[in-house]
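As C-alpha cells, the structure follows; a few thoughts come after it.
The figures that follow rest on heavy atoms only: side chains count, while hydrogens, waters and symmetry mates do not.
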Amino acid sequence: MFSTKKKKYSTINEIGNSNTTQTIYIGKEPFKLRLYNKGLELKKSKKFELMNEYFLNNDFDLEQPIFNVEFQMHRTHLRLYSVSTLDELLKNIKNLFQEAMDEIRLLDTESISPKNLKNNKYQAKTHFIWEDIKQNFDLKNFLQSSLPLERLKRKISIYSDEKFEFECIALFRKAHINNLYFDMEYLEEFFKKAKESLTKTITTKEIKKDYIDIDVIYQDGKKEKLRQFNDGKTITPVSTVSVKELNDYDLHIYLEKTLENQHKSIKDKHIYEVALKEALKRGLIPDIKSGEASSKGNP
C-alpha cells in the first residue's frame with residue numbers, strides 16, 4: 001500500500017504476532033517512515049499520563065489501537081535541502097513534511113488493476129487520506145517559508161594530495177589513540193592489497209551494504225539491535241570490545257588465545273602485541289627484559 005520515488009525500500013515488522021502488526025519501517029536512514037502502536041509504547045513510558053490526557057481531550061477511544069505515523073529525517077537528509085540549523089528546520093517544516101508525503105505515498109489500491117498493483121504500483125493514485133493530511137498540515141507557531149524546497153545536487157569533489165595527507169594523519173592518530181600497533185611492514189601490506197584491488201572487478205552488488213540495522217522493542221520494554229539481510233534473515237551483530245574494556249580475568253584469557261595464534265599472520269601478531277601491552281600496563285604479567293632474565297638466572 002506504499003510506494004516511494006526510489007522504488008526500493010524495506011518494510012520491517014519489528015514487533016508483531018499472528019493477529020496484528022505493531023511496527024513497520026518504510027525506507028532507511030537518513031530518511032524513512034515509521035508506523036507503530038503508540039499505545040504499546042506508552043505503557044512503560046514516562047509520558048503515559050500526559051499522552052493519555054491528550055488523547056482523551058481529542059476524543060480518542062483509548063480502548064482501540066492508536067498508531068503513530070512519523071517521518072524520521074537525519075541531518076544528512078536535511079542538508080540536501082540546505083537545512084542545517086533548528087531555525088531553518090522550523091521555518092521549512094511544512095515544506096519538508098509535504099515533500100516527505102510525496103517521497104513516500106499511501107496508495108489507493110482501488111485506483112489500479114490487481115496486475116498493475118503487483119507489477120507497477122507506482123501508477124496508483126495517492127490515497128485521499130494521505131492527500132488530505134498533506135494539504136492540511138501546518139505549524140502556526142512558527143513563520144513558514146512559502147518558497148519551494150530545492151534539493152541540492154551533489155558537488156563534484158576532486159581528491160588531492162592535501163586531502164590524502166590529512167586523512168592518513170587522522171587515521172594514524174586514531175590507531176595510536178586506540179593502541180593499535182602498526183609498522184612499515186604492516187602498512188606496506190595494505191599498500192600491496194590496495195594496488196591489487198585496482199585490477200579486480202568489484203560489482204555494485206559486492207560493495208553494497210546487504211543489510212539494514214533495526215531496533216526491536218519488545219512488549220516488556222526490552223530493546224535489542226539486530227541486522228536484517230536482503231533474504232529476510234535476521235542476526236544479532238557481534239559487538240567488538242577494546243582490550244581496555246576487558247576486566248583482568250578476561251584479559252588473561254584473551255592474551256592466552258592471542259599468544260597461540262600470533263604466528264599465523266602479521267595481523268595476529270599485532271593483535272597479540274596490543275593485548276600484551278595492555279597486560280604489561282596493568283602489571284598482570286612481569287615486565288622482564290631479556291638481560292634481566294639472564295642475570296637473575298645466574299646467582
Side-chain angles (χ1 to χ4, degrees), residues 1-41 55 58-61 64-74 76-78 80-81 83 89 92-139 144 146 148-152 204-205 208-217 226-234:
M1 296 179 68
F2 286 92
S3 74
T4 72
K5 285 187 176 180
K6 292 184 178 180
K7 298 188 177 182
K8 288 185 179 180
Y9 58 88
S10 301
T11 54
I12 306 167
N13 301 335
E14 292 189 351
I15 311 172
N17 52 42
S18 58
N19 299 319
T20 181
T21 299
Q22 296 173 6
T23 303
I24 295 177
Y25 282 105
I26 299 175
K28 59 182 180 179
E29 287 81 3
F31 169 69
K32 62 185 175 183
L33 176 69
R34 183 186 178 210
L35 303 90
Y36 62 97
N37 190 320
K38 189 67 176 179
L40 285 178
E41 187 206 44
F55 290 145
N58 288 274
D59 298 325
F60 278 82
D61 183 355
Q64 297 297 323
I66 300 174
F67 274 75
N68 204 48
V69 183
E70 65 185 29
F71 289 107
Q72 296 183 354
M73 304 180 188
H74 290 207
T76 50
H77 178 76
L78 295 173
L80 294 175
Y81 299 97
V83 174
L89 173 64
N92 289 283
I93 204 154
K94 182 176 180 179
N95 288 333
L96 285 166
F97 180 80
Q98 292 183 338
E99 182 77 13
M101 295 288 283
D102 289 335
E103 285 278 343
I104 301 178
R105 297 185 301 127
L106 175 66
L107 303 179
D108 180 1
T109 57
E110 301 295 326
S111 68
I112 194 171
S113 67
K115 181 179 179 181
N116 284 342
L117 183 62
K118 182 178 180 181
N119 300 320
N120 198 9
K121 65 179 180 178
Y122 311 100
Q123 295 179 352
K125 295 180 180 179
T126 303
H127 199 287
F128 74 91
I129 291 178
W130 205 251
E131 194 64 38
D132 190 54
I133 294 172
K134 174 188 170 184
Q135 297 302 329
N136 286 283
F137 175 83
D138 203 356
L139 192 64
Q144 296 299 295
S146 59
L149 282 177
E150 292 187 10
R151 189 158 180 157
L152 300 177
T204 305
K205 186 176 181 181
K208 184 180 178 182
K209 187 178 177 182
D210 60 351
Y211 66 86
I212 53 176
D213 296 310
I214 59 176
D215 293 329
V216 179
I217 306 174
L226 300 176
R227 285 178 180 173
Q228 186 172 67
F229 291 85
N230 295 332
D231 59 2
K233 183 180 178 182
T234 303

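A distance of 11.0 Å separates OH in Y122 from CG in L117, rounded to the nearest 0.5 Å. Interatomic distance, S111 OG to K121 NZ, rounded to the nearest 0.5 Å: 12.5 Å. Taken from CD in E131 to CZ in R105, the straight-line distance is 9.5 Å, to the nearest 0.5 Å. The NE2 atom of H77 sits 9.5 Å away from the CZ atom of F71 when rounded to the nearest 0.5 Å. Here the CG atom belonging to N37 is positioned 10.0 Å from the CG atom belonging to N68, to the nearest 0.5 angstrom. T4 contributes atom OG1, which lies 12.5 Å from atom CG of D102 (distance to the nearest 0.5 angstrom).
In this structure, Q98 and F137 have side chains that are not in contact, with every pair of non-hydrogen atoms separated by 4.5 Å or more. Inter-residue side-chain proximity for N92 and Y81 is flagged as unmet; no heavy-atom pair is nearer than 4.5 Å. At least one side-chain heavy atom of E70 sits less than 4.5 Å from a side-chain heavy atom of Q72. Between D108 and T126, the closest side-chain pair of non-hydrogen atoms is not below 4.5 Å.
Checking each of D132, L107, T109, L106 against H127 for a side chain to side chain contact (heavy atoms under 4.5 Å, CB included) leaves exactly one that passes, namely L106. The side chain to side chain contact (heavy atoms under 4.5 Å, CB included) test with V83 singles out one residue from L89, I93, N95, and that residue is L89.
Around CD of Q135, the count of heavy atoms belonging to other residues, nucleotides or ligands within 6.0 Å exceeds 12.
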